[in-house]
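Computed from a prediction, not measured in an experiment: that's the story for all the values here.
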Amino acid sequence: MKIRTHTCGELKSKDCKKSVILNGWVNTVRLHGQVVFIDLRDRYGKTQIVFNSENYAGDFNEVKKLSMEDVLSVSGNVHKRENRSINSDMSTGEIEVYASTMEILNHAEPLPFVISDRDSAEEDLRLKFRYLELRTEELQRNIEIRHNTYQAVRGYLSKKDFFEIETPVLMKSTPEGARDYLVPSRIHHGKFYALPQSPQVYKQLLMISGYDKYFQIVKCFRDEDLRADRQPEFTQIDIEMSFIDEEVIYKEMEGLTRHIFKSTVNIDLPKKFPRLTYDESMDVYGTDKPDTRFGMHLIDLKKFTDISEFNAFKSTPCVRGIVVNGGAKYSRKNIDDYTNFVKKYNAKGLAWMKMESDQLQGGISKFINIDIQKEIIESAKIENGDIIFLIGDQKETVLTALGALRLHIGMEEGLCDPNKFNPVWVTDFPMFEYDGDSKRYIAMHHPFTAPQTKNLEDLESEPSLLKSRGYDLTINGYEIAGGSIRNHKPDFQSKIFELLGMDNEEIDSRFGFLVEALKYGTPPHGGIAFGFDRLIMLLSGSNNIRDVIAFPKTTSASSLMDESPSKVSKDQLSDLNIKVVNKNK
């Protein structure tokens, strides 16, 4: 093989008459009698190669037998294309290379799908042949954005005096929320390591150790049900700082986020990111991950439905609605589809009215007299051609279902501008939420989050009313990062563990080393973790997290390419003192 002098994406008209060597894959083949045109491709781009039987030194019949994805090394001279032949869609479209010699480095078998068209195959087939899908232009661009984001993060934080410090991958199991992935110990029979759900405890220990600015781009693992924006193993930008408060976090992380967007995709984010409290976000958008690129805010209609004749809503504690501009066009089938959609979020149904000829018509309008209709129209700012959807139920159900419907319709109606990026901080989360099944409090963020109080007694009075010092950074309906100010005093941390239903023995066995460490001069500290894969989704314009990870898992946490997870030998199991039991028997 001859070593390439140039890549397939760099030759321009200034390189005309140069003798060059290109290596790459056959992207396309076009036969024109005694002339064969080939687009040779590598990750840098494509170059048109011209094989002419009159001046090609090699076997021309071999050229005519070339197939897509054959790997070649081509020598030749650069020529400027005629004006009518210039291809403005290629970075090398001004030139072509007249081949003098060619070496076939490897032949390719018939392809399971067309590399230039990802839609030519179902995702399962593409995941099975992932190494081929990674050759596609779309995925190569995604991987390039991912690489550039790595470098942008490292460069920015290093200049800000952060240390990049690695934390253990084999750690103690401290399950809280998602299930741990467990790793059996061969040496310590009957004992297990856990793969980290996050480096949370370790980064707090680093603050206690005096490393006041830490970051790590780290793999994390959670054994949980998957969806389009989740993976069993994922990547975080993990950050922790000492002697700070929320305002320092907001300032530093806004700077990092602006730097990432500008340096990777040349997008300018606002100088200061807006903020919403958790309650404001839920009341206005029906979610704590608000997409603020469009309006369609949730409207409180309880006072109107209570004085109407629509009795179904009178016994419900909450009634909210959304107005869809131009939604009067929706057919009965459209409305039925939306009704079925909100039922997935535990709503019992979806009421509606259309605004036509200056009054509300259809749906539940017959139960609402004209005077109440006028008040609703004025309050909700409904115009002719609009439709209003209403849900009445428990507040949590109403907000969640209507918030999901808002986003669903917004995407269907093209209201979510893909070129617009709206970052929003969501703050003042509840400290705890009560789990009726287990009859105990659970942490809204995680048990290391500090409450918005300096009095230990407040934790004992009414925990459900406490707000936390947690915060999330959201962009376009995605949670991009989440974090909090931590508990740096051992009595606060121990009390929170107690409120979460742990007795002293459990606290000591699971988190005793942390509580002990907090006793030795722990500075006030806090941090945040960016969901790196989800961030790359936004930067690349993808809506599937698997499109931005080189070798992802399916939604059933398996790899179709290498068939993992897989069975292991009896000898391996014996070494670990493990016996596999068939639960179905």
Check whether any side-chain N or O of [X] sits under 3.5 Å from a backbone N or O of [Y] as a donor-acceptor pair, and report yes or no.
| X | Y | answer |
| --- | --- | --- |
| Asp337 | Asn334 | no |
| Thr339 | Gly349 | no |
| Thr400 | Thr397 | no |
| Arg406 | Gly295 | yes |
| Arg258 | Lys271 | yes |
| Arg146 | Ile536 | no |
| Asp212 | Ser242 | no |
| Arg141 | Ser540 | yes |
| Ser209 | Tyr211 | no |
| Thr474 | Val424 | yes |

Passing option when Asn422 is tested against Asp417, Asn476, Thr292 for side-chain hydrogen bond (donor to acceptor under 3.5 Å, both in side chains):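 Answer after filtering Asp417, Asn476, Thr292: Thr292.
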Measuring only between side-chain heavy atoms, which start at C-beta, is [X] closer than 4.5 Å to [Y]?
| X | Y | answer |
| --- | --- | --- |
| Tyr330 | Trp352 | no |
| Ile267 | Asn419 | no |
| Ile507 | Glu498 | yes |
| Val342 | Leu402 | no |
| Lys159 | Tyr156 | no |
| Phe273 | Arg275 | no |
| Leu466 | Gln452 | no |
| Val398 | Thr316 | no |

For atom [atom1] of [X], decide whether the heavy atoms of other residues, nucleotides or ligands shown that lie under 6.0 angstrom number more than 12.
| X | atom1 | result |
| --- | --- | --- |
| Lys302 | NZ | yes |
| Glu396 | CD | no |
| Phe163 | CZ | no |
| Lys219 | NZ | yes |
| Lys262 | NZ | yes |
| Asp336 | CG | yes |
| Glu309 | CD | no |
| Lys251 | NZ | no |

Intermediate values then yes/no, side-chain contact (heavy atoms from CB on, under 4.5 Å), Asn325 and Glu383: CA-CA 8 Å; Asn325 298 140; Glu383 298 181 354; 5.7 Å; no
I need the minimum non-hydrogen distance between [X] and [Y], along with the two atoms involved.
| X | Y | value |
| --- | --- | --- |
| Ser198 | Cys220 | CA-SG, 3.8 Å |
| Glu280 | Thr277 | OE1-N, 2.9 Å |
| Ile388 | Ile382 | CD1-CD1, 3.9 Å |
| Pro451 | Ile496 | CD-CD1, 4.1 Å |
| Asp180 | Ser173 | OD2-OG, 2.6 Å |

Distance in Å, Arg534 CZ paired with Gln236 CD, rounded so as to fall on 0.5 Å steps: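 Answer for the CZ-CD pair, Arg534 versus Gln236, is 10.0 Å.
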Approximate separation, where rounding is to 0.5 Å, of Gln204 CD and Leu518 CG: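 Atom-to-atom, Gln204:CD and Leu518:CG are 7.0 Å apart.
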Phe429 and Tyr278 aromatic ring geometry - parallel, tilted or perpendicular at 30°/60° bounds: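 Tilted, since the angle between the ring planes falls between 30° and 60°.
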Geometric class of the Trp425/Tyr250 ring pair [parallel <30°, tilted 30-60°, perpendicular >60°]: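 Answer is tilted, since the angle falls between 30° and 60°.
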Leu415/Arg293 under side-chain contact (heavy atoms from CB on, under 4.5 Å): CA gap, chis, key distance, verdict: CA-CA 7 Å; Leu415 303 178; Arg293 288 176 293 177; over 6 Å; no
Ring pair (Phe, Tyr, Trp, His ring centres under 6.0 Å) between His297 and Tyr285, intermediate numbers included: CA-CA 6 Å; His297 297 162; Tyr285 298 99; 5.1 Å; yes
Evaluation steps, ring pair (Phe, Tyr, Trp, His ring centres under 6.0 Å), between Phe511 and Phe448: CA-CA 11 Å; Phe511 300 106; Phe448 314 105; 5.6 Å; yes
Arg486 with Glu240: basic N within carboxylate O range, under 4.0 Å: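 Answer for the salt bridge query: yes.
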Residues Arg320, Asp283: salt bridge by 4.0 Å N-O rule: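 So Arg320 pairs with Asp283 through a salt bridge.
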Side chain to side chain donor-acceptor pair (under 3.5 Å) assessment of Thr167 paired with Gln216: CA-CA 8 Å; Thr167 53; Gln216 183 181 189; 3.0 Å; yes
Steps toward salt bridge (Lys or Arg N to Asp or Glu O under 4.0 Å) verdict (Glu516, Lys519): CA-CA 6 Å; Glu516 178 74 12; Lys519 298 175 182 178; 3.7 Å; yes
Evaluation steps, salt bridge (Lys or Arg N to Asp or Glu O under 4.0 Å), between Asp279 and Lys467: CA-CA 11 Å; Asp279 290 337; Lys467 298 294 186 181; 3.0 Å; yes
Audit row: Lys348, Asp393, salt bridge (Lys or Arg N to Asp or Glu O under 4.0 Å) steps and yes/no: CA-CA 8 Å; Lys348 296 179 182 66; Asp393 212 309; 3.0 Å; yes
Result of checking Val426, Asp428, Thr449, Ile249 against Tyr471 for side-chain contact (heavy atoms from CB on, under 4.5 Å):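 Among the candidates, only Ile249 passes.
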Test side-chain contact (heavy atoms from CB on, under 4.5 Å) applied to Asp533 and Gln231, step by step: CA-CA 9 Å; Asp533 309 299; Gln231 283 279 293; 5.8 Å; no
Salt bridge (Lys or Arg N to Asp or Glu O under 4.0 Å) evaluation trace for Asp300 with Lys395: CA-CA 11 Å; Asp300 190 346; Lys395 185 175 182 179; over 6 Å; no
Test ring-ring contact (aromatic ring centres under 6.0 Å, His included) applied to Phe367 and Phe304, Phe310, Phe313, the passing residue: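 For Phe367, the ring-ring contact (aromatic ring centres under 6.0 Å, His included) check succeeds only for Phe310.
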Ring centers of Phe532, Tyr150 separated by less than 6.0 Å: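 Phe532 vs Tyr150: aromatic centres under 6.0 Å.
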Steps toward side-chain contact (heavy atoms from CB on, under 4.5 Å) verdict (Lys489, Leu456): CA-CA 11 Å; Lys489 294 184 177 180; Leu456 194 60; over 6 Å; no
